[in-house]
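Please read all numbers here as calculations on a predicted model, not as lab measurements. Hydrogens, waters and symmetry mates play no part in the numbers below; they use all other heavy atoms, side chains included.
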Amino acid sequence: MSTAPKNGTEQAIKAAATEAGFELCGIAPATNSPELEYFPAWIAEGRAGEMKYLEARDEQGQLKRSSLARVAPWARSVIVCAINYNTDEPYSTQVKDPDRGWISRYAWSREDYHEAVLRRLKQVEATLHESDAETHQDLITRSYVDTGPIVERIFAKYAGIGWIGKNTCIINQKKGSWLFLGVILTSLELYADLPAPDRCGSCTRCIEACPTDAILGPYQLDSNRCIAYLTIEKRGSIPEDLREGIGRHVFGCDICQDVCPWNRKAPTSSAPEFAPRAGLVNPALDWLAEMSAEVFRQEFRGSPIRRAKHTGLQRNAAIAMGNSGNRKFLPALEKLGAHPDSAVSESARWSIEKLRKVGR
Ligand code: SF4
Ligand code: SF4
């Protein structure tokens, strides 16, 4: 195991993170925290829906994400880096065009954020190895963006990046919550930063604004009801009682962040990779519904939108059309009603029924 770090290692890490393009960097101890104790219960209650990757277990059957000490016993510190992905485009709550859908802000980017963040993390990791090559020859590091055995936002809190808001997002007092996180686990025993204090106060805007009541109470999210989960991770049909609340969201949902006062003056990103691709801000619903599998592949190459799959996006567009209240979508929905994928065809028929009841 590595010995104690030389003076200034923490500063060198933070300087390397800034050099790599991260706006925030902090260090947390690789210890379990009270928040992690809720994780097994959250999984046991089925709140993760079909996101089986969150339920990955070790050989003893324990949840990997519930204890870093178990899956990475060599880790002593967690370096958490954050980069802002906000652009100066409007928020979903400011856009009212019923003919268009909504794709979550993080998914507009030209490059998949996993790659954009990991590339920067590797730069920080390399600097760490170079600067400590002589004193820490047995240094171990591992970099992760969403894929590690770790609940990133909990370590982000303890690294002082921000607090975990009642909407369960990490929020920084100056940058808001439009942040991608990356973590480096290291065997180095580093001085940890102080956790960021919770600044939600008496505010409950996110809880009130959530259209599907997915925020059961402060800091408690039921993924099964969350539009982000329903439109991206959920396979097959979306439960009927939640479809109306989905509104015109076709991939993800930003509402609980759009209404957060800490995002009112959120700065925009300077990273070119996060500039929006053409057509993705408030996209035309008929464009998405009629897109062929081949165009989907080309259009969304290297985009997180691929995660929803072609038929998932068509299913979502069909539901959004029904929720638009605009009968001009009936011909497109009739076509989707004959789709070979049963979730798409059934969603289209649901929307046809809905639109036939409106006069527009
Ligand atoms: S992302 Fe949307 S659906 Fe999910 S909790 Fe936030 S407001 Fe609710
Ligand atoms: S909307 Fe209010 S309660 Fe929700 S995360 Fe933001 S500050 Fe916290």
Side-chain angles (χ1 to χ4, degrees), residues 10 13-14 17-18 22-39 41-42 47-48 54 65-68 77-86 91 93 104-106 113 117 144-146 148 150-185 190-210 214-223 226 228 252-269:
E10 293 81 2
I13 291 167
K14 290 176 187 182
T18 305
F22 289 110
E23 278 128 333
L24 300 164
C25 175
I27 297 162
T31 47
N32 292 346
S33 56
E35 286 86 351
L36 269 180
E37 286 169 20
Y38 297 115
F39 184 68
W42 186 78
R47 304 289 185 207
L54 292 175
R65 281 177 171 77
S66 68
S67 171
L68 193 51
S77 310
V78 182
I79 301 163
V80 184
C81 298
I83 187 166
N84 168 17
Y85 64 85
N86 188 30
Y91 287 176
T93 44
S104 194
R105 258 172 141 70
Y106 81 86
Y113 74 90
V117 178
Y144 298 105
V145 182
D146 285 357
I150 177 170
V151 184
E152 280 99 343
R153 64 178 185 278
I154 295 178
F155 288 92
K157 171 187 166 175
Y158 285 95
I161 297 290
W163 72 96
I164 300 172
K166 290 178 190 172
N167 60 6
T168 73
C169 296
I170 201 87
I171 307 171
N172 177 274
Q173 191 180 2
K174 293 198 176 124
K175 308 278 178 192
S177 68
W178 310 112
L179 298 170
F180 289 135
L181 298 176
V183 296
I184 305 173
L185 310 187
L190 297 165
Y191 286 106
D193 288 284
L194 289 173
D198 187 327
R199 295 181 191 275
C200 280
S202 58
C203 175
T204 51
R205 281 170 199 244
C206 53
I207 300 172
E208 285 147 24
C210 177
I215 308 176
L216 304 177
Y219 318 104
Q220 289 177 58
L221 181 77
D222 183 356
S223 299
C226 177
C253 168
D254 294 328
I255 291 174
C256 57
Q257 297 189 79
D258 287 346
V259 300
C260 180
W262 295 99
N263 281 335
R264 213 175 277 149
K265 292 182 184 160
T268 53
S269 177

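With contacts defined as side-chain heavy-atom distances shorter than 4.5 Å, the pair S177/W262 does not qualify. Side-chain contact check for V78 versus I27: every heavy-atom pair is 4.5 Å or farther apart. Put simply, the side chain of C200 does not reach to within 4.5 Å of the side chain of P218, judged on heavy atoms. Within the 4.5 Å cutoff, the side chain of Y158 has no heavy atoms near those of the T31 side chain. Taking the side chain as every heavy atom from C-beta outward, P267 and K175 approach each other to under 4.5 Å.
Distance check, rounded to the nearest 0.5 Å: SG of C256 to CD1 of I215 gives 4.5 Å. In this structure, NZ on K166 lies 6.5 Å from OG on S202, to the nearest 0.5 angstrom. The structure places CZ of R105 at 6.5 Å from CG of D258, a figure rounded to the nearest 0.5 Å. Put simply, CG on N167 and SG on C226 are 10.0 Å apart, with the number rounded to the nearest 0.5 Å. Atom SG in C210 sits 8.0 Å away from atom CG in L221 (nearest 0.5 Å). Atom CD1 in I171 sits 8.0 Å away from atom CD in Q257 (nearest 0.5 Å).
Evaluation of the ring-ring contact (aromatic ring centres under 6.0 Å, His included) rule for Y144 yields no partner, not counting sequence neighbours.
For V80 against I161, the heavy-atom pair with the smallest separation is O-CD1, 3.6 Å. I154 approaches S33 most closely through the heavy-atom pair CG2-OG, 3.2 Å. The nearest pair of heavy atoms linking G165 to Y219 is O-CD2, 3.3 Å. Annotation for V145 and G182: closest pair CG2-CA, 4.5 Å, computed over non-hydrogen atoms.
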Discussion item. Run N263 and N86 through side chain to side chain contact (heavy atoms under 4.5 Å, CB included) and show every step you take.
Written reply: CA-CA 10 Å; N263 281 335; N86 188 30; over 6 Å; no
Practice prompt. Could you go through the ring-ring contact (aromatic ring centres under 6.0 Å, His included) check for W178 and Y91 one step at a time?
Written response: CA-CA 12 Å; W178 310 112; Y91 287 176; 5.4 Å; yes
Practice prompt. For the pair I13 and I184, evaluate side chain to side chain contact (heavy atoms under 4.5 Å, CB included) and give the outcome as yes or no after the intermediate values.
Written response: CA-CA 11 Å; I13 291 167; I184 305 173; over 6 Å; no
Practice prompt. For the pair L181 and F155, evaluate side chain to side chain contact (heavy atoms under 4.5 Å, CB included) and give the outcome as yes or no after the intermediate values.
Written response: CA-CA 10 Å; L181 298 176; F155 288 92; over 6 Å; no
Worksheet item: After noting the C-alpha distance and the side-chain angles of I79 and C25, does the key distance pass the side chain to side chain contact (heavy atoms under 4.5 Å, CB included) rule?
Response: CA-CA 7 Å; I79 301 163; C25 175; 3.9 Å; yes
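Under the 30°/60° scheme for interplanar angles, the aromatic rings of F180 and Y85 are found to lie parallel.
Under a 3.5 Å cut-off, the side chain of K265 and the backbone N or O of K174 do not form any donor-acceptor pair. Distance alone, capped at 3.5 Å, is enough to place a donor-acceptor pair between the R153 side chain and the T168 backbone.
Side-chain contact annotation: N84 with S269, donor-acceptor N/O pair under 3.5 Å absent.
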